[in-house]
Amino acid sequence: MNAKMPLFRPFLSKRELADLTNRDHTLRGGVLFGIEGKLIEIQARALSVDDEGMSWGSAISITGMAKGAIREATARIIGAFAKLRVPAPQAEILINLAPADLPKEGTWLDLPLAVISLQAAGLLPDLSESREDSYIIMGELGIHGEVRRVPGALSLAYEAKAGQKLIVPAENAKECCLILAKPGHEGCGVYPVTQLEDVIAFFAGRKKLENALATPIEFENAIDRAVDFGRIRGQERAKRAAMIAAAGGHNMLLIGPPGEGKSLIASAIPGILPRLRDDEKVELTKIYSACGELERDGMAVTRRPMRTVHHSASKQSLVGGGSGLARPGEITLSHLGVLFLDELAEFSGPTLEALRQPLESGTVTISRVQATVSYPCRFTLVAAMNPCPCGYFGTPQCTCRKADVEKYQKKLSGPILDRIDLKVDMERLSVEERFAPTEEGASPRIRARVERARKRQHERFDGKPIPFNAAIPGGHVLDYCQFSDNAFSQYKSTITETSLSTRSMDRLAKVARTIADLDNKDDVQAEHVNEATAFITGGAMLVKF
């Protein structure tokens with residue numbers, strides 16, 4: 001753009017003023033509804049003209065259930081216009097946000113509101129002949145004219161149709177480029193901008209914007225650097241359970257005295273989690289972008305999440321909530337990854353009970369007066385706890401009364417325990433185990449087995465919304481878990497002898513299926529059923545009161 005050429009003419013001609021009220025202006029923007037994008041049609045019209053001009057503050061009226069930050073957008077636009085020395089408008093401008101019955105909050109519409117205000121005021125060319133509907137514009141506007149990053153840009157970008165152009169803040173460009181992973185976005189463009197002045201120059205035909213999609217997008221395949229399983233002494237059974245949990249997405253509970261490796265094993269799990277598929281990276285990036293939690297500017301989520309929650313966390317922070325439209329909680333941020341709850345029995349009862357439905361269905365539905373939203377939360381629960389308040393239950397060191405132990409353990413209700421697949425008792429290490437040699441490189445070997453098992457599951461569930469064995473829906477377990485004759489006899493015998501609930505019976509089949517996948521077997525064998533039974537019925541430190 002020629003720096004000497006002014007952006008705007010100070011006054012419109014009488015003919016131009018007379019024509020203002022005859023023009024319709026429409027742009028496309030968007031807002032977030034939970035973690036999903038909703039496209040908004042921004043309509044503008046000049047209602048009356050004033051030869052002498054008026055202030056921008058009194059010229060713009062916005063309708064269509066605009067709330068909060070959208071109501072404040074006018075002030076930010078005025079500040080940016082002042083920086084660019086935009087002349088006072090000579091028309092009163094009415095802007096409508098459609099659909100009018102959808103509440104709209106946030107800063108996503110700042111940039112398109114600024115552009116359409118200039119169009120309606122006759123200060124930017126009428127783009128109706130240039131297919132202005134083919135543009136989707138988003139971005140927060142600073143009073144110095146800068147275009148700032150907005151959360152949930154990828155969710156809004158996913159609402160685009162083939163051939164539409166996205167004008168987005170530069171800090172959101174990389175995540176928006178992920179729209180190439182979705183079929184039906186052929187011909188789309190992503191045009192990053194940093195200043196309102198550049199957007200104005202583009203619509204005025206004085207500047208070209210670069211298409212970020214011109215450069216091929218490559219996904220990272222990074223692995224979390226975690227404690228190597230080979231560095232953890234002893235506790236072979238717990239490490240075996242961790243591998244099964246990672247391979248099949250099974251919930252796991254570690255029970256044992258303090259200081260014997262429960263938290264250490266949990267912290268090592270990110271190092272054996274399977275790599276994300278490209279569609280899973282997009283799904284997680286949409287969630288983390290909407291929550292404003294992307295680690296780096298616009299970069300995709302490339303690792304399975306591992307969220308650690310303190311026992312003082314509220315129910316709302318764990319499952320989601322808050323005033324107005326409920327926000328996602330930790331269980332949604334753990335989607336397709338791991339949620340680690342240390343000191344499980346220290347959580348409040350209502351907080352733990354709130355996990356029952358999400359653990360079962362993989363989604364959480366939160367109802368508020370304003371709206372009801374559902375968020376994905378297909379996570380793997382890894383929990384750790386001491387067997388009693390002092391931690392040394394069943395040993396001479398224990399100082400707890402029976403009533404104390406009962407109150408402590410009863411935080412874990414039957415329905416919660418019935419949703420945990422693997423229960424592992426961890427004993428104190430012997431002197432020999434504490435001084436046993438360690439090894440390096442165990443986690444990569446375990447991860448390779450886990451990934452082979454997950455690959456088998458992906459092929460098994462191809463075309464189905466089932467990410468791993470633990471998510472097989474009730475009523476379909478035997479459709480996907482094929483047993484050998486001996487194994488099926490063992491399966492039925494175990495159900496009879498242990499009086500498992502129907503849910504636990506299904507969990508037994510799923511865990512056995514995962515163990516068979518780790519052994520690269522097409523059919524579940526009797527030894528797989530026996531090992532799964534030991535985990536399903538474990539938890540000897542949980543006293544039956």
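Start at 1 with the first residue, then count along the sequence. Since this is a predicted model, take the numbers as computed values, not measurements.
- You'll find the side chain of E531 stays beyond 4.5 Å of the side chain of V511, heavy atoms only.
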Test log, rule side-chain contact (heavy atoms from CB on, under 4.5 Å), inputs D342 and T308 = CA-CA 8 Å; D342 201 2; T308 300; 5.6 Å; no
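- Distance CG/N520 to CZ/R452: 7.5 Å, rounded to 0.5 Å.
- Ring-plane geometry between F347 and H311 is classed as perpendicular, the angle between the planes exceeding 60 degrees on a 0 to 90 degree scale with a lower cut at 30.
- Between the side chain of Y288 and the backbone N or O of L333 there is at least one donor-acceptor pair closer than 3.5 Å.
- Side chains of P270 and R304 form no contact here, defined as non-hydrogen atoms less than 4.5 Å apart.
- When atom types are taken as modelled, the side chain of S267 and the backbone of L264 share a donor-acceptor pair closer than 3.5 angstrom.
- Between T496 and K492, the closest side-chain pair of non-hydrogen atoms is not below 4.5 Å.
- Considering every non-hydrogen atom in both P328 and I35, the closest pair reads CG-CG2, 3.7 Å.
- Residues L253 and L412 meet the side-chain proximity criterion, which asks for heavy atoms closer than 4.5 Å.
- Of all non-hydrogen atoms in S314 and T351, the two that sit nearest each other are C-OG1, 4.2 Å.
- Rounding to the nearest 0.5 Å places CD of E36 at 9.0 Å from CD1 of I287.
- Across all their heavy atoms, A241 and V424 have their closest contact at CB-CG2, 3.5 Å.
- Looking at K402 and E406, no side-chain N of the basic residue comes within less than 4.0 Å of a carboxylate O on the acidic one, giving no salt bridge.
- Ion pairing between a basic and an acidic side chain is recognised when a charged N comes within 4.0 Å of a carboxylate O; D278 and K281 show such pairing.
- Between R419 and R503 the shortest side-chain heavy-atom distance falls below 4.5 Å.
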May I have the step-by-step check of side-chain contact (heavy atoms from CB on, under 4.5 Å) for L32 and S155, ending in yes or no?
-> CA-CA 8 Å; L32 275 189; S155 296; 3.7 Å; yes
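- No salt bridge links K521 with E527; every basic N to acidic carboxylate O contact stays at or beyond 4.0 Å.
- The main-chain N or O of I70 is never found under 3.5 Å from a side-chain atom of W108 such that the two would form a donor-acceptor pair.
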May I have the step-by-step check of side-chain contact (heavy atoms from CB on, under 4.5 Å) for E41 and R28, ending in yes or no?
-> CA-CA 5 Å; E41 181 178 305; R28 294 291 188 275; 3.4 Å; yes
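- Looking at E283 and R378, no side-chain N of the basic residue comes within less than 4.0 Å of a carboxylate O on the acidic one, giving no salt bridge.
- The pair R507-D418 meets the salt-bridge criterion, with a side-chain N (NZ, NE, NH1 or NH2) lying under 4.0 Å from an Asp/Glu carboxylate O.
- For the pair F483/L478, a side-chain contact is recorded, criterion being any heavy-atom separation below 4.5 Å from C-beta on.
- Contact of the I179 side chain with the L166 side chain is registered, since non-hydrogen atoms from C-beta on lie closer than 4.5 Å.
- Looking only at distances, no side-chain donor or acceptor of N469 sits under 3.5 Å from a matching main-chain atom of Q457.
- Closest approach of K510 and I472 over heavy atoms only: NZ-O, 2.9 Å.
- Formation of a donor-acceptor pair under 3.5 Å by the H335 side chain with backbone atoms of T332 is not found in this model.
- Remark: D519 engages R449 in a salt bridge, criterion side-chain N to carboxylate O under 4.0 Å.
- Rounding to the nearest 0.5 Å places CG of L422 at 8.0 Å from CG of N251.
- Between the side chain of Q235 and the backbone N or O of E427 there is at least one donor-acceptor pair closer than 3.5 Å.
- A salt bridge is defined here as a Lys NZ or Arg NE, NH1 or NH2 lying under 4.0 Å from an Asp or Glu carboxylate O, and D404 with R401 meets this definition.
- Within a 6.0 Å radius of CG in D479, other residues, nucleotides and ligands contribute more than 12 heavy atoms.
- Salt bridge status for R233 with E260: absent, with no side-chain N to carboxylate O gap under 4.0 Å.
- Summarising the geometry of D523 relative to S484, their closest heavy-atom pair is CB-N, 4.1 Å, with the distance given to 0.1 Å.
- Here CD1 of I495 is found 7.5 Å from OG1 of T498. Values are rounded to the nearest 0.5 Å.
- Between D425 and R237, no side-chain nitrogen of the basic residue sits less than 4.0 Å from a carboxylate oxygen of the acidic one, so the salt-bridge criterion is not met.
- A cation-pi geometry, defined here as NZ or CZ lying under 6.0 Å from the six-membered ring centre and within 45° of its normal, does not hold between R327 and Y375.
- Across A212 and C177, no two heavy atoms sit closer than the pair CB-SG, 3.7 Å.
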Check step by step if side-chain contact (heavy atoms from CB on, under 4.5 Å) holds for L339 and L318.
-> CA-CA 10 Å; L339 176 69; L318 188 63; 4.2 Å; yes
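- A donor-acceptor contact shorter than 3.5 Å links the side chain of Q409 to the backbone of P387.
- Between E330 and S334, the side chains place no donor N or O within less than 3.5 Å of an acceptor N or O (distance only, hydrogens not considered).
- Of the possible donor and acceptor atoms, one in the side chain of K262 sits under 3.5 Å from a partner among the backbone N and O of G256.
- Counting heavy atoms from C-beta on, the side chains of F33 and L102 come closer than 4.5 Å.
- A donor-acceptor contact shorter than 3.5 Å is absent between the side chain of K104 and the backbone of G30.
- Between the side chain of K411 and the backbone N or O of A345, at least one donor-acceptor pair lies under 3.5 Å.
- A salt bridge is absent between R454 and E451: the closest approach of a Lys/Arg side-chain nitrogen to an acidic carboxylate oxygen does not fall below 4.0 angstrom.
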